[in-house]
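Heads up: the structure comes next, in structure tokens.
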Amino acid sequence: MREITYAQAINEALRENMRRNSRIILMGEDIGRYGGIFQVTVGLLDEFGPERVIDTPISEAGFVGTCVGAAMTGLHPVAEVMFIDFTTCAMDMIVNQMAKMHYMSGGRGKVPFVLRTNIGAGRGAAAQHSQSFHSFFMHIPGLKVVTPATPYDAKGLMNTALVDENPVMFIEHKKLFITKGHVPEESYAIPFGKADIKREGTDITIVATHALVQKSLNVAEEMSREGVEIEVLDPRTISPLDREAILNSVKKTGKLITADEGCVTGGFGSEVAAIVAQEAFDYLEAPIMRVGSPDTPVPFSPPLEQFYIPDEGSIKDAASRILAYQ
Amino acid sequence: MVLSKEKKLEMYGKMVKIRSFEERIVDLYARGLVPGLAHLYIGEEAVAVGACANLRDDDYITSTHRGHGHVIAKGADVRSMMAELFGKTTGYCKGKGGSMHIADVNIGILGANGIAGGGLPIGVGAGLSAKYRKTDQVTICFFGDGASNNGTFHESLNLAAVHELPVIFTCENNQYAISTQQRMHQTIKDVSIRATSYDIPGVTVEGNDIMAVYEAINKAVQRARSGKGPSLVECKTYRWRGHHEGDPNLGERYRSREDIKPWVEKCPITRFERLLLKEKVLTKAKIDQIKETVKKEIDEAVEFANNSSFPKHEDIYQDVFQEEMGGSR
């Protein structure tokens, strides 16, 4: 099967859906001629024209809100917010308008709208272009939150996002854009709320998102040589969350590590830990470990930034502590 | 501008209906018969009715926290509104939205809005959608003088101007952002001059003169329908009641009864009434008849709301998401 990058996979999904459905338009800063800051929308302006691929002023609240209004009146917009850090400028539109319109109106209005943005440190872009606060959005009822880790998942999940009539936060990872993987040329959809077991194992469950999926797989391979079989579970969407798959895995292994790039406190891992502690307490054989970023802003200096980003070492530490537990 | 007798009577009737609806809410609130929060529109009726009289059913409006007038002017049903204010299942939003979230997409009401300035980008989106779908629908985006200081005001006017969208930004300048008087929240006197920054037409009219509002909005609507882009229309008016029902003594923490008095004398309904009597569109008897019909309609709405049931606990989980999926794959 051919290999394409994560960015190309999203681009392909956008392109195919735009060909299929004329209701889909794109809005964002520098997504047209420039092709998007990470080149995800490259070529789409040429194919679909400026009526459908709209470069906006620097107005996150303005264009995100515009997408809400367009969605309520018959279109299916896709917005690109250049970095997740910039969603804060549009937080009213996301949290108070996009997420709640359907509920507040008693189901009379709907908001089929995909907001694309990205997380992740590692580009020396410091504290306002590198954050990973995607789990914030899982705290907001009314939003679906998608977290693709591979090119295959990115295309399949985008295909689902673009037939879902609800608001979707499609949260990409900027360090994954250039990673390659097998992606079928034909169209396929990955349902929301269905976790993927990226590797089966019997000894420890790692619930991992985004870039930490691959890092967890690397650790799993390494530890397999030492006789420890790790199961790597990627929820793929953190809202809806496949609680059943997580619980089943933990019931099998008795041990849980969460691996997510957000700051540990109040993050995705904390929620998963709470679910497991509540629903599978009797199956746990060791304390739950959370791998994530330190509770600091993202630092600039390269050694500090590298120290900040959770990696294979952080996962191995967590695994050893679990295995050492008597 | 020459309007038919029927049109003028319809406009007058809507003003009376808004006033009557709001006065009933005053009474119901005072007696503790409706829950929550309501921001009343009394004194500003000429703006909503004068503006919406230019719209078709398939045109859009976005409204504000003070939205009862706008939605009645756009054609909302007062029974569903009243039931919503009572928190009943038969309300516009099944009791989930209340006063600040009344929406009826079928007649272009994209929602009142609890966030000052929250409706402006949504109105721009409706405009973008209409232009993209190549219809000649227009959107009136209502907001107050207070919201004109919010970033969304500037972002929205700029976006609509750049894309020449069919949006009429209608500033209802009632001179107060809750308690903060206009001179304390902005250095300009006329919000309409801000149109200059976006190179679009901006005009200020006497907001208690329904014909002046109608004509200014008419021009803006024609411009929008013909694809020439957005306009900013400021209507100067005044709110008679406090910011919300429960704002003590009609807002005496920040204004006096003496401040309110001249505006009550400039009542937009009395003013239109005088004009229509002079034009012989109305007679004293006809006025009484209209008021009686409206009173009956409001009585029925209250009865309907009273007789409707509250949502069940399990209803809390309904309508978080749209269940049905879109286009096939």
(request) Select one option (side chain, backbone, both, neither) describing which atoms of B:His154 are under 4.5 Å from chain A's heavy atoms. (result) neither
(message) What part of B:Thr152 gets within 4.5 angstrom of chain A, counting heavy atoms only: side chain, backbone, both, or neither?
(response) side chain
(request) Looking only at non-hydrogen atoms, find the nearest pair between A:Met93 and B:Gly117 and report the distance. (result) CE-O, 4.5 Å
(request) Give, as side chain, backbone, both or neither, the part of A:Leu143 having an atom under 4.5 angstrom from any heavy atom of chain B. (result) backbone
(message) Does any backbone or side-chain atom of B:Ile109 lie under 4.5 Å from a heavy atom of chain A? Answer side chain, backbone, both or neither.
(response) neither
(request) For chain A, find which of B:Ala103, B:Gly111, B:Ala160, B:Ala126 contributes the most heavy-atom pairs closer than 4.5 angstrom. (result) B:Ala126
(request) Check the pair A:Val111, B:Gln322 against side chain to side chain contact (heavy atoms under 4.5 Å, CB included), reporting the backbone distance first and the verdict last. (result) CA-CA 9 Å; A:Val111 186; B:Gln322 168 88 20; over 6 Å; no
(message) Whether the side chain of B:Lys96 engages the backbone of A:Met104 through a donor-acceptor N/O pair (distance < 3.5 Å, no angle test) should be reported.
(response) no
(message) Within the 3.5 Å criterion, strictly below it, is a donor on A:Arg23 or B:Tyr132 matched to an acceptor on the partner's side chain?
(response) no
(message) Restricting to non-hydrogen atoms, name the atom on B:His163 and the atom on A:Asp55 that form the minimum distance, rounded to 0.1 Å.
(response) NE2-O, 4.2 Å
(request) With rounding to the nearest 0.5 Å, note down the distance linking CG in B:Leu157 to OG in A:Ser59. (result) 11.0 Å
(message) Please check: side-chain N/O of B:Tyr92 versus main-chain N/O of A:Gly106, any donor-acceptor pairing under 3.5 Å?
(response) no
(request) Please step through side chain to side chain contact (heavy atoms under 4.5 Å, CB included) for the pair B:Leu128 and A:Thr73, ending with a clear verdict. (result) CA-CA 9 Å; B:Leu128 181 91; A:Thr73 54; over 6 Å; no
(request) Pick whichever of B:Ile115, B:Leu110, B:Val105 has the most heavy-atom pairs under 4.5 Å with chain A. (result) B:Ile115
(request) Identify the two heavy atoms, one from B:Asp104 and one from A:Arg108, that lie closest to each other, and give their separation to 0.1 Å. (result) OD1-NH1, 3.4 Å
(message) As an exercise: rank A:Lys100, A:Arg52, A:Met27 by heavy-atom pairs under 4.5 Å with chain B and give me the winner.
(response) A:Arg52
(message) Can you confirm whether more than 12 heavy atoms, excluding those of B:Glu303, are under 6.0 Å from its CD atom?
(response) no
(request) Name the member of B:Thr89, B:Leu165, B:Ile316 that forms the most heavy-atom pairs with chain A at distances under 4.5 Å. (result) B:Ile316
(message) Below 4.5 Å, heavy-atom pairs only: which of A:Pro167, A:Gly142, A:Pro77 has the largest tally toward chain B?
(response) A:Gly142
(request) Look at atom CG of B:Asp58 and say whether more than 12 heavy atoms of other residues, nucleotides or ligands are closer to it than 6.0 Å. (result) yes
(request) Taking atom types as modelled, find out whether B:Asn113 and A:Gln97 have a side-chain donor-acceptor pair closer than 3.5 angstrom. (result) yes
(request) Determine the minimum heavy-atom distance between B:Glu155 and A:Glu60, stating which atoms define it. (result) OE1-N, 3.7 Å
(request) Indicate the atoms forming the closest heavy-atom contact of B:Leu159 with A:Pro57, along with that distance. (result) CD2-CD, 3.6 Å
(message) Rounded to the nearest 0.5 Å, what separates atom NZ in B:Lys131 from atom CD in A:Glu51?
(response) 8.0 Å
(request) Go through the atoms of B:Gln318 and report whether side chain, backbone, both or neither lie under 4.5 Å from a heavy atom of chain A. (result) backbone
(message) For B:Ile193, I'd like to know if atom CD1 has over 12 heavy atoms of other residues, nucleotides or ligands within 6.0 Å.
(response) yes
(request) Might you point out which heavy atoms bring B:Ser129 and A:Ala70 nearest each other, and give the distance in Å? (result) CB-CA, 4.0 Å
(message) Are more than 12 heavy atoms, taken from residues, nucleotides or ligands other than B:Arg133, located less than 6.0 Å from that residue's CZ atom?
(response) yes
(message) Tell me whether B:Glu314 at atom CD has more than 12 heavy atoms from other residues, nucleotides or ligands lying less than 6.0 Å away.
(response) yes
